[in-house]
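Numbering of ligands and ligand atoms starts at 1, following listing order.
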Amino acid sequence: MENFVFNAYTEMYFGKGQIKNLPKILEAYGKKVLMVYGGGSIKKNGIYDTAKELLKDFQIFELGGVEPNPRIETVRKGVEICKNENIDVVLAIGGGSTIDCSKVIAGGAFYDGDSWDIVKDGGLIGEVLPIVTVLTLAATGSEMNGNAVISNMALNEKLGTGSRRFIPKASVCDPEYTYGLPAIQTAAGTADIMSHIFESYFKKEEGAYVQDKFAEGLLKTCIKYCPIALKEPDNYEARANLMWASSMALNGLLGSGKPGAWSCHPIEHELSAFYDITHGVGLAIVTPRWMRYILSEKTVDKFVDFGKNVWGFENNNDKYKLANMAIDALEEFFKSCGIPMTLSEIGIGSEYIEEMAAKAVKNGALEYAYVPLDKEDVKKILTDCL
Ligand code: NZQ
Ligand code: ZN
């Protein structure tokens, strides 16, 4: 296990009705609040009205309309409000897109230049306004980490940035808020959680047993509860377990002590940058193909662990058979959750594969991945996804 510093300092207000704590949480940071939200789901499900009522003693400025795959243009609008109105704290209500957008707004508020700079280079992030979130979708873990992913569609760029200062001060996580999610968002969110787990699980460092046992437990949680949430959208137990899994999957618990670049995320980010697709859907399509591509004498034992400890397959004498069974089971699982499992089903052809592969290798530093990948490798994986 490599050395690490672990400090997941977000105060998590988890459970039914926890939004009642919002005034107390925000009070610590000031009265001028920029409330950021997406395309309108919080108005339909009543969270908007609840928040406005609770915060009637605060001065609320609003930025709605944050896109899935949030755009730099929207960040710029938020930064302008922060600078003009001397905002004290940014309140994000929504999924990962809204939270990510809010983080870069909070950093842009103190940055003396265009906010795209701090997306391209996280090292430029200085002071950051305090960030508080109300989570409405179990997926990204953004509610408890310092990452943000922003798109610049004019350049076909979707880039991740981050800073410890982006870690939210507090997050309200009420599983009931996810009851009304469209089924595909529940499924895609789960695929995203699972992908975050895989990105840490499949790493060169092999001595991080604790992290891997956490990872296997979280994968089993997703496999158990996503089908229940899809069948019974208001099953509290299922929603609560998925929501807590989303936060645990990407708050440092699994990745600490396991350095190296990620594999599937950089590839998916290019699909989103070129075709504006749902992040979790892209990951579900790429992941089994990536797994089959990297299966070799060097990696097979890890896939055997995955098959035995996550899917409960019996050990047999054929390691490759077991590894392939595990990968097939994952693909079948995503399919059974209603996720389209080929790029052609979501309108993606081969036209940009060359360009996407080159960018994934560069933006994702894929030479440092679990199994290093070059442009030709990524092209083959993407072609397999068609
Ligand atoms: O915009 P609204 O109207 O709110 O609708 C959203 C959106 O259409 C809807 N939704 C969210 N909560 C809902 C709801 N609809 C009904 N009821 C609710 N309770 O769901 C749609 C998707 O929302 P979005 O926020 O885009 O989804 P998600 O949480 O999956 O976030 C995806 C973004 O996060 C980035 C992704 O790349 C993508 O841009 N990621 C962020 C990470 C991070 N910060 O650590 C890591 C991830 O790997 C990921 O890259
Ligand atoms: Zn993700």
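Taking distance alone, with nitrogen or oxygen atoms compared against 3.5 Å, S41 approaches ligand 1 more closely than that limit. At under 3.5 Å, a nitrogen or oxygen of G40, whether backbone or side chain, sits near a nitrogen or oxygen of ligand 1. Between T178 and ligand 1, no pair of N/O atoms sits closer than 3.5 Å. At a 3.5 angstrom cut-off on N or O pairs, H196 counts as close to ligand 1. In terms of polar-atom proximity, H265 is counted as a contact of ligand 1, with an N or O under 3.5 Å from an N or O of the ligand. Backbone and side-chain nitrogen or oxygen atoms of I42 are examined, and none is located within less than 3.5 angstrom of a nitrogen or oxygen of ligand 1. Remark: ligand 1 and G39 share an N or O pair separated by less than 3.5 Å (distance only, no angle test).
Atom 22 (C) of ligand 1 has Q185 OE1, 3.5 Å as its closest protein atom, hydrogens excluded (heavy atom only). Among protein heavy atoms, the minimum distance from atom 27 (O) of ligand 1 is reached at L137 CD1, 3.4 Å.
Within a radius of less than 2.8 Å around the Zn ion (ligand 2), the protein N, O or S atoms are D192 OD1, H196 NE2, H265 NE2, H279 NE2.
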List the steps, then state whether salt bridge (Lys or Arg N to Asp or Glu O under 4.0 Å) holds for R165 with E127.
CA-CA 8 Å; R165 293 175 177 171; E127 212 179 323; over 6 Å; no
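When non-hydrogen atoms are compared, ligand 1 lies under 4.0 Å from neither the backbone nor the side chain of S272. Under 4.0 Å from ligand 1, the heavy atoms of L250 that appear belong solely to its side chain. The residue Y37 has no part lying near ligand 1, judged by heavy-atom distances below 4.0 Å. Contacts of D100 with ligand 1, taken as heavy-atom pairs under 4.0 Å, involve the side chain alone. If you look at D192 next to ligand 1, the close heavy atoms, those under 4.0 Å, all belong to the side chain.
Taking every heavy atom of P182 and a limit of under 4.0 angstrom, the matching atoms of ligand 1 come to 15 (N), 16 (C). Counting atoms of ligand 1 from 1 in the listed order, those under 4.0 Å from a heavy atom of K158 are 36 (C), 37 (O), 38 (C), 39 (O). Listed by atom number, the atoms of ligand 1 under 4.0 Å from N69 heavy atoms are 38 (C), 39 (O). Close approach of ligand 1 to Y177 (heavy-atom distance below 4.0 Å) involves ligand atoms 19 (N).
Of the possible polar contacts, one joining the T140 side chain to the S142 backbone as a donor-acceptor pair under 3.5 Å is found. When atom types are taken as modelled, the side chain of S256 and the backbone of L253 share no donor-acceptor pair closer than 3.5 angstrom. Not one N or O on the side chain of D114 forms a donor-acceptor pair closer than 3.5 Å with the backbone of D117.
Side-chain contact between Y111 and I125 is absent, with no heavy atoms from C-beta onward closer than 4.5 Å. Y225 places none of its side-chain heavy atoms less than 4.5 Å from the side chain of M243. Between L254 and L218, some side-chain heavy-atom pair lies under the 4.5 Å cut-off. Counting heavy atoms from C-beta outward, L242 and T221 have side chains that stay 4.5 Å or more apart. Put simply, the side chain of I19 reaches to within 4.5 Å of the side chain of L54, judged on heavy atoms. The shortest distance between side-chain heavy atoms of N363 and E157 falls below 4.5 Å.
The side-chain hydrogen bond (donor to acceptor under 3.5 Å, both in side chains) test with Y201 singles out one residue from K302, E216, K258, and that residue is E216. For the side-chain hydrogen bond (donor to acceptor under 3.5 Å, both in side chains) test with N145, the passing option among K103, R164, H196 is K103; the others fail.
Scanning S195, G180, G141, G96 for the heavy atom closest to atom 29 (O) of ligand 1 points to G96. Between atom 30 (O) of ligand 1 and the options P70, A139, G189, A191, the minimum heavy-atom separation is to A139. For atom 17 (N) of ligand 1, the choice among N145, N147, L181, I150 with the nearest heavy atom turns out to be L181.
Electrostatic pairing of E331 and R292 counts as a salt bridge here, judged by a charged N lying under 4.0 Å from a carboxylate O. A salt bridge links K379 with E376: the closest approach of a Lys/Arg side-chain nitrogen to an acidic carboxylate oxygen falls below 4.0 angstrom. K203 has no carboxylate O lying under 4.0 Å from a charged side-chain N of E2, or vice versa, which leaves the two without a salt bridge.
Ligand 1 is never approached by E268 to a heavy-atom distance shorter than 4.0 Å. Judged by the shortest distance from any of its heavy atoms, E67 lies outside the 4.0 Å radius around the atoms of ligand 1. Contact annotation: H269 has at least one heavy atom less than 4.0 Å from an atom of ligand 1.
Ring pair Y320/F303: centre-to-centre distance not below 6.0 Å. The six-membered or imidazole ring of F202 lies near that of W290, with a centre-to-centre distance under 6.0 Å.
Taking the ring centre of F58 as origin, the terminal cationic atom of K31 falls inside the region bounded by 6.0 Å and 45° from the ring axis.
Taking a distance limit of 4.0 Å, we find that atom 36 (C) of ligand 1 is approached by some protein heavy atom. Protein non-hydrogen atoms do reach within 4.0 Å of atom 14 (C) of ligand 1.
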